[in-house]
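Remarks on the structure that follows.
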Amino acid sequence: MPGPDPSWIVLGRADDGIVAALLDGEGIEFARDRIDGELAAWVSGREAPHAPRWVWADTPAWYAPLLAAGVRVARCHDLRLSHAILRDSELVASASALRAAREWDAAPRVEEPAALPALFDISEVERPAGPPESLDAAVLEFARQRAALTQARDPARLRLLLAAESAGALIAAELRAAGLPWDAAVHDALLADVLGPRPTVGALPARMEEAAARVRDALGDPAVHLESQPQLLRALRRVGIHVESTSRWELAEHDHPAIAPLLEYKKLARLYTANGWAWLDEWVHEGRFRPVYVPAGVVTGRWASSGGGALQLPRMLRAAVRADPGWTLVVADVAQLEPRVLAGMASDERLAAAARGRDLYAGIVEGGVVSTRAEAKVALLGAMYGATTGDSGRLVPQLRRAFPRAMRLVDDAATAGERGGVVSTWLGRTSPPPSEGWTKAQGRAGDVDATDADESRARRWARDRGRFTRNFVVQGTAAEWALAWLADVRGRLAELAPVGGDAAPASGPVFSTRPHLAFYLHDEIIVHTPLAHADAVAAIVREGAARAGRLLFGDFPVDFPLDLRISPAAEKG
DNA sequence: TACTGGTGCGCG
DNA sequence: AAAGCGCGCACCAGTA
């Protein structure tokens, strides 16, 4: 194929199949190729030696089949995710063309696990609604996005955000394809230990039945259904336990023989229903847990998950995460990511100084701001979440005196939100505007005939929104830092030499010979790696955190220390 | 039968 | 019952 190496290759569908548009560094299209054979082979051929940035409507739709065929790509531009960022970003001067392209507001296409093999042939599958599929639509949208970028204030930040977001989309697809190594036997043994042996269909585990019997006995009500909140509440009140709810916080404050077994029952029931044998059957196959990650599924830019409860795995079950033979796990999380990010955003030297080293909360105590680590923690969380009462709210003023720059940043974000404005993360992701109902309520409270109820509701909603925007800037920027970390680690891992495939795990050819990301949870990653690379991977993960910090905050001296362990030595259980 | 809202609890 | 942000999922109860 003659011609220059394209900087961008847009993939999309046309009447006669899949077509690629080749764009130069200026974004000018100079050729189109119809892809007659296997898409995976064509992509693979174009990936080396000079990897283009693949432009496609929706990463899971295009990349999952490529991964299934054994092809990885280095970089992409996800049009759907980028559209959502640019459409709303405060940094974009003129987003009207993007806003008008409503077809790109489509929800992410979340596939069922059973549909994964079917996606192998993307041309044949009937799929739920997603963004446009045609090449022409993709080329047009890409042009709109480039135009929006060139007119944007601080386009460098937005370009960084789009690159990080798109890298995240690749990583989400790869995480799903690789899976988290999961030892079903360990999980089963753990369940049996806590709940009793796996019950027959229709029955409850023995430990649950026993606890339930003790509750019913203590309540003198042999028929009460413990899963029914109204029934349980009535039964509790009948024996003098006057609670407003059945949550364990409130129950724990009462002294009655029914309380202990009830709390025990709730704990067991949670494990059984959320992560019991049914979960194991549905979500773990061939030694892998494969959750569906949803990049940017949260308004702040955090990832969400759909199915499998990937982001809510109880810490207890971490014991079932086991590397394959000859492999190990590098598990790393950032200590106190959000306050560190806040220090960087606000250029708050004092907060950054307190954060230097491993424990930011200890640093705050050493600075004499508060007297205990526990106080430092609730005060800081309270400041970022908008606490006004309780221990947390009481301590916030001390924090405000000690770290005025950082606190002003979150206070300003809250004020903007209360007034109906929007706020942005460090790289330019902007919060959604207030809802129509919110705005109406604020207007109504200002009317001459407004009632007390109108006014108090408007004030409450304003404060609620203020807490949201206050937290948005911090949580969203932390998500950006994490994406930068992930993307850096991913790139560096790809440079490590593959190892012999003798002990190839069941994760497919793409991931059987190389270290790969296996899990991600807001401020934590797990890398599954051949033993030979464990130390190199640990170094990459650490360096990645430092590089992410520099990418976002340049020379500003805030560090991002990791708690890092190489499993199985110290896997938390 | 399918939905929606409320409750409760797991994670960061 | 959290106080103070962001989620997903299971279950129940009420409704269509």
Side-chain angles (χ1 to χ4, degrees), chain A residues 110 204 224-234 242-254 262-263 265-276 278-279 282-283 291-318 333-339 341-342 377-396 399 410 413-414 417 423 425 429 431-432 460 463-479 481-482 519-525 563 572:
Chain A
V110 174
L204 288 178
V224 61
H225 185 202
L226 301 183
E227 309 292 336
S228 164
Q229 203 246 15
Q231 279 189 46
L232 181 56
L233 216 46
R234 276 197 298 275
H242 295 287
V243 283
E244 294 299 312
S245 78
T246 62
S247 75
R248 62 182 158 83
W249 293 106
E250 195 179 357
L251 289 170
E253 293 183 352
H254 288 78
L262 179 54
L263 294 179
Y265 176 87
K266 282 167 154 288
K267 201 173 140 190
L268 299 179
R270 168 80 196 184
L271 177 63
Y272 176 61
T273 57
N275 297 101
W279 181 90
E282 184 177 355
W283 290 100
V292 178
Y293 293 95
V294 185
V298 179
V299 278
T300 58
R302 270 191 176 182
W303 289 15
S305 68
S306 163
L311 309 187
Q312 301 125 258
L313 285 177
R315 303 294 302 188
M316 190 184 90
L317 284 187
R318 290 299 194 87
D333 65 272
V334 199
Q336 304 114 19
L337 174 58
E338 291 188 356
V341 156
L342 174 57
K377 183 173 179 174
V378 296
L380 204 46
L381 290 175
M384 292 187 301
Y385 292 165
T388 53
T389 62
D391 293 344
S392 182
R394 263 198 302 283
L395 294 164
V396 170
L399 230 51
V410 287
V423 295
T425 60
R429 192 190 308 266
S431 67
R460 189 171 71 250
R463 282 194 303 267
D464 288 350
R465 187 153 193 283
R467 286 194 304 277
F468 165 66
T469 51
R470 170 189 295 272
N471 188 245
F472 181 94
V473 294
V474 180
Q475 188 183 117
T477 303
W481 182 93
F519 191 67
Y520 165 56
L521 178 55
H522 307 318
D523 63 358
E524 171 184 7
I525 61 177
D563 285 327
K572 285 181 191 170

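Chain identifiers are assigned alphabetically (A, B, ...) following the order of the sequence lines, protein sequences preceding nucleic acid strands; residue numbering begins at 1 within each chain.
Using atom P as the reference point in both C/dA2 and C/dG6, the two lie 16 Å apart (nearest Å). For C/dG4 and B/dG5, the C1' atoms lie 23 Å apart once the distance is rounded to whole Å. Between C/dA1 and B/dG6, the distance separating the two C1' atoms is 15 Å to the nearest Å.
Listed by residue number, there are no residues of residues 380-392 of chain A with a heavy-atom contact under 4.0 Å to DNA chain B.
Take A/E250 and apply the side-chain hydrogen bond (donor to acceptor under 3.5 Å, both in side chains) test, not counting sequence neighbours, and it matches A/S245. The ring-ring contact (aromatic ring centres under 6.0 Å, His included) check on A/F519 picks up nothing, with sequence neighbours excluded. Applying the side chain to side chain contact (heavy atoms under 4.5 Å, CB included) test to A/T425 and every residue at least two apart in sequence or in another chain returns A/R429, A/F472, A/T477, A/E480. For A/Y520, there are no side-chain hydrogen bond (donor to acceptor under 3.5 Å, both in side chains) partners two or more places apart in sequence or in a different chain. Under the side-chain hydrogen bond (donor to acceptor under 3.5 Å, both in side chains) criterion, A/Q312 pairs with no residue at all, not counting sequence neighbours. Qualifying side chain to side chain contact (heavy atoms under 4.5 Å, CB included) partners for A/A310, counting only residues two or more places apart in sequence or in other chains: A/F289, A/P291, A/S305.
The strand DNA chain C forms stems, runs of 3 or more Watson-Crick or G-U wobble pairs with distances below 3.5 Å, at B:1-12 with C:5-16.
For the OP1/OP2 pair of B/dG8 and a distance below 4.0 Å, the side-chain nitrogens and oxygens of A/K266 include no atom meeting the criterion. For C/dA2, one of the phosphate oxygens OP1 or OP2 lies less than 4.0 angstrom from a side-chain nitrogen or oxygen of A/S247. Of the side-chain N and O atoms in A/R248, one or more sit less than 4.0 angstrom from OP1 or OP2 of B/dG10.
For the pair A/M316/A/L271, a side-chain contact is recorded, criterion being any heavy-atom separation below 4.5 Å from C-beta on. Contact annotation: the side chain of A/L313 never approaches that of A/L521 to less than 4.5 Å [non-hydrogen atoms, C-beta and beyond]. Between A/K267 and A/R270, every side-chain heavy-atom pair lies at or beyond the 4.5 Å cut-off. Residues A/L311 and A/H522 form a side-chain contact, since some pair of their non-hydrogen atoms from C-beta on lies under 4.5 Å apart.
Computed from coordinates, the A/L337 CG to B/dC11 P distance equals 19 Å when rounded to whole Å. If you measure from atom NE2 of A/H522 to atom P of B/dG10, you get 16 Å, rounded to the nearest angstrom. The nearest whole Å value for the distance from the CZ atom in A/F472 to the P atom in C/dC5 is 16 Å. Atoms CH2 (A/W279) and C1' (B/dC11) sit 13 Å apart, rounded to a whole Å. Rounded to an integer number of Å, the gap from A/K377 NZ to C/dA3 P is 18 Å. As a whole-Å value, the separation of A/F519 CZ from B/dG12 C1' is 10 Å. To the nearest angstrom, P of C/dC5 lies 12 Å from CZ of A/R463. For the pair A/R302 CZ and B/dC11 P, the interatomic distance rounds to 14 Å; values are reported in whole Å.
For the salt bridge (charged side-chain N to carboxylate O under 4.0 Å, His left out) condition, the pairs that include at least one residue of residues 291-314 of chain A, sequence neighbours left out, are A/R302-A/E338. Residue pairs meeting the salt bridge (charged side-chain N to carboxylate O under 4.0 Å, His left out) criterion with at least one partner in residues 385-394 of chain A, sequence neighbours excluded, are A/D391-A/R394.
Paired with A/L380 under the rule side chain to side chain contact (heavy atoms under 4.5 Å, CB included), one option of A/L399, A/L342, A/V396 passes, and it is A/L399.
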Protein-nucleotides 1-3 of chain B N/O pairs closer than 3.5 Å?
none

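Residue contacts for A/E338: at a heavy-atom cut-off of 4.0 Å it reaches no nucleic acid atom on any strand shown.
Of the candidate nucleotides B/dG10, C/dA1, C/dG6, C/dA1 has the atom lying nearest to any side-chain atom of A/W249. Distance from the side chain of A/V299 is smallest for C/dC7 among the nucleotides C/dA2, B/dG8, C/dC7. With C/dC5, C/dC9, B/dG8 as the choices, the nucleotide that has an atom nearest any side-chain atom of A/Q312 turns out to be C/dC9.
At a cut-off of 3.5 angstrom, the base of C/dC5 holds no donor-acceptor pair with the side chain of A/R467. Between the side chain of A/R315 and the base of B/dG10, no donor-acceptor pair of N or O atoms lies under 3.5 Å.
To the nearest 0.5 angstrom, A/D333 atom CG is 5.0 Å from A/D563 atom CG.
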Checklist entry - What does nucleotides 11-16 of chain C look like as a protein-contact string, B for base, S for sugar-phosphate only, - for none, at under 4.0 angstrom between heavy atoms? => result SSS---

Next on the checklist: Walk me through whether A/Y265 and A/E227 qualify under side-chain hydrogen bond (donor to acceptor under 3.5 Å, both in side chains).
Outcome noted: CA-CA 10 Å; A/Y265 176 87; A/E227 309 292 336; 2.6 Å; yes

